[in-house]
Protein chains: 2
Amino acid sequence: MPNPPLRDREATRARLIAAVGNLLARKGFKALGVNAVAREAGVDKVLIYRYFGGLPQLIAAFGQEGDFWPSVSELTGGDPVAFGRLPLDERLRRLTRHFVAGIRRRPLTLEILAWETVERNELTAELEMIRENTHLRLTEMFFPAGAGGADLQAVLGLVGAGLSYLALRARDVQWYNGVDIQSEDGWRRIEAAVDQIVAGLLSSTPNRE
Amino acid sequence: MPNPPLRDREATRARLIAAVGNLLARKGFKALGVNAVAREAGVDKVLIYRYFGGLPQLIAAFGQEGDFWPSVSELTGGDPVAFGRLPLDERLRRLTRHFVAGIRRRPLTLEILAWETVERNELTAELEMIRENTHLRLTEMFFPAGAGGADLQAVLGLVGAGLSYLALRARDVQWYNGVDIQSEDGWRRIEAAVDQIVAGLLSSTPNRE
DNA sequence: AGAACATGTCACTTAATAGTGACATGTTTT
DNA sequence: AAAACATGTCACTATTAAGTGACATGTTCT
């Protein structure tokens with residue numbers, strides 16, 4: 001027995017938005033079509049056009065839901081002020097740990113990250129912007145230019161890129177350069193590698209606060 | 001005036017294989033369908049099934065063409081023996097330079113790298129294997145476990161992943177963590193960042209050959 | 001020459017997709 | 001109650017894709 005129609009615009013909109021998230025998580029972005037989303041939401045597809053204007057706008061609405069990227073607060077461990085008082089090397093180590101945990105626990109984000117490498121759209125542009133902004137604020141707040149005597153922005157960019165990519169690849173692939181990126185052990189090795197990089201960076205130059 | 005049919009099986013096979021490469025380079029993997037490849041090759045699509053068995057097998061044949069990843073020789077600068085005699089830090093620096101140059105000058109490889117994040121198929125599996133093998137041989141030949149006192153395998157994996165990802169993203173995006181990855185200047189910053197990482201790694205522990 | 005085969009063309013089916021116009025049914029306003 | 005509107009259903013078009021069976025034409029072997 002089919003449910004009676006809801007006749008509730010806002011609820012239907014919400015179901016469609018939720019359907020995007022569910023489909024993305026379950027089937028990946030390749031399954032994201034007008035038909036599939038409508039089916040997932042249990043709603044006629046014409047309502048996507050009526051209520052959002054089309055799939056791109058629906059995806060944009062989903063993008064507003066947020067929480068696709070670790071926030072500054074999450075990256076600093078909840079207390080930015082206390083974080084700012086830590087020595088530089090400790091700040092960098094914690095940042096890495098929180099970042100790795102933050103992206104690995106967000107399958108949706110990894111999916112969007114993969115999408116990004118392939119296509120530009122409302123969601124991927126949104127994620128790009130959030131990420132670049134977060135990085136910018138972090139850098140300004142906690143890693144002023146010249147700290148540690150190295151080009152921290154470039155190093156953090158490179159390391160962040162590496163961590164993102166490894167998390168991304170770990171969805172399908174077990175080994176990367178001899179590291180088992182699907183095991184917790186492998187990720188401990190990676191985190192330890194970052195620690196070694198940080199330690200080296202700060203020991204080879206005057207360790208300014 | 002349409003050309004007369006070739007009636008040359010090998011030539012037709014070759015045209016199909018070439019068409020895969022051209023399409024991939026010009027339109028990306030999303031355009032890679034049976035119809036598109038046949039059109040690009042100027043050949044009837046049924047021949048893809050007859051001569052290869054299907055698109056996957058045609059793509060696999062294309063994968064055998066090779067040169068999708070910097071070889072050991074390319075990464076060491078042409079003379080592995082001389083490379084092996086360099087001090088560790090110099091080896092790492094050169095490796096990075098050659099690797100960055102090697103992937104950035106291969107648009108097709110970047111395309112496949114993007115494809116990899118999204119789908120597993122004959123080509124992406126091939127690239128994965130080549131890459132993992134190359135890394136393995138490099139590690140065995142030039143970076144024995146424990147050299148430098150750090151987990152070099154993990155560090156190289158992380159840095160390699162970061163470089164690959166940045167090269168990949170640079171196809172569509174200009175800024176990554178405040179670095180302009182579409183400019184030569186930006187890439188010099190990234191290479192310099194690797195130098196700093198290498199220098200730090202080896203200075204903080206006994207610099208064993 | 002004739003049979004067997006290789007090469008290539010063409011027309012078709014099946015399935016999936018994005019998008020739209022016409023309609024039915026319920027709610028609100030007058 | 002009647003008109004106007006909102007919500008949702010349904011059926012359809014047009015496009016594209018993968019895959020296949022029947023045929024035409026040229027080559028090779030006997």
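Just so we're on the same page: letters track the sequence lines, and every chain starts at 1. Because only heavy atoms are used, hydrogens play no part in the values below, and waters and symmetry mates are left out as well, while side chains stay in. Small disclaimer: the values here were computed from a predicted structure and weren't measured.
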Atom [atom1] of [X] to atom [atom2] of [N]: distance rounded to whole Å?
{"X": "Lys45(B)", "N": "dT13(C)", "atom1": "NZ", "atom2": "P", "result": "14 Å"}
{"X": "Leu55(B)", "N": "dA17(D)", "atom1": "CG", "atom2": "P", "result": "12 Å"}
{"X": "Ile48(A)", "N": "dT9(D)", "atom1": "CD1", "atom2": "P", "result": "12 Å"}
{"X": "Leu23(B)", "N": "dA17(D)", "atom1": "CG", "atom2": "P", "result": "11 Å"}
{"X": "Arg13(B)", "N": "dG8(C)", "atom1": "CZ", "atom2": "C1'", "result": "16 Å"}
{"X": "Asp44(B)", "N": "dA18(D)", "atom1": "CG", "atom2": "P", "result": "14 Å"}
{"X": "Glu10(A)", "N": "dT27(C)", "atom1": "CD", "atom2": "P", "result": "17 Å"}
{"X": "Tyr49(A)", "N": "dA6(D)", "atom1": "OH", "atom2": "P", "result": "22 Å"}

Toward the 5' end of DNA chain D, which comes first, Arg50(B) or Gly54(B), by nearest nucleotide? Gly54(B)
With side chains defined as the heavy atoms from C-beta onward, is the minimum distance between Leu156(A) and Leu92(A) less than 4.5 Å? yes
Side-chain touch Phe143(B)/Val155(B), heavy atoms, less than 4.5 angstrom: no
Centroid-to-centroid, Phe62(B) to Phe68(B), below 6.0 Å? yes
Should [X] be listed as having a side-chain N or O under 4.0 Å from OP1 or OP2 of [N]?
{"X": "Tyr51(A)", "N": "dA6(D)", "result": "no"}
{"X": "Thr12(B)", "N": "dT7(C)", "result": "no"}
{"X": "Arg9(A)", "N": "dA6(D)", "result": "no"}
{"X": "Asn35(B)", "N": "dA18(D)", "result": "yes"}
{"X": "Arg7(A)", "N": "dG8(D)", "result": "no"}

Of the options dT17(C), dA18(D), dG21(C), whose atoms approach the side-chain atoms of Arg39(A) most closely? dT17(C)
Which nucleotide, dG8(C), dA18(C), dG21(D), lies nearest any side-chain atom of Val46(B)? dG21(D)
So, Glu111(A) and Trp115(A): side-chain donor and acceptor under 3.5 Å apart, yes or no? no
Closest to the 5' end of DNA chain C, once Leu32(A) and Val43(B) are matched to their nearest nucleotides, is Val43(B)
Rounded to the nearest 0.5 Å, what separates atom CD in Gln182(A) from atom CG in Asp172(A)? 8.0 Å
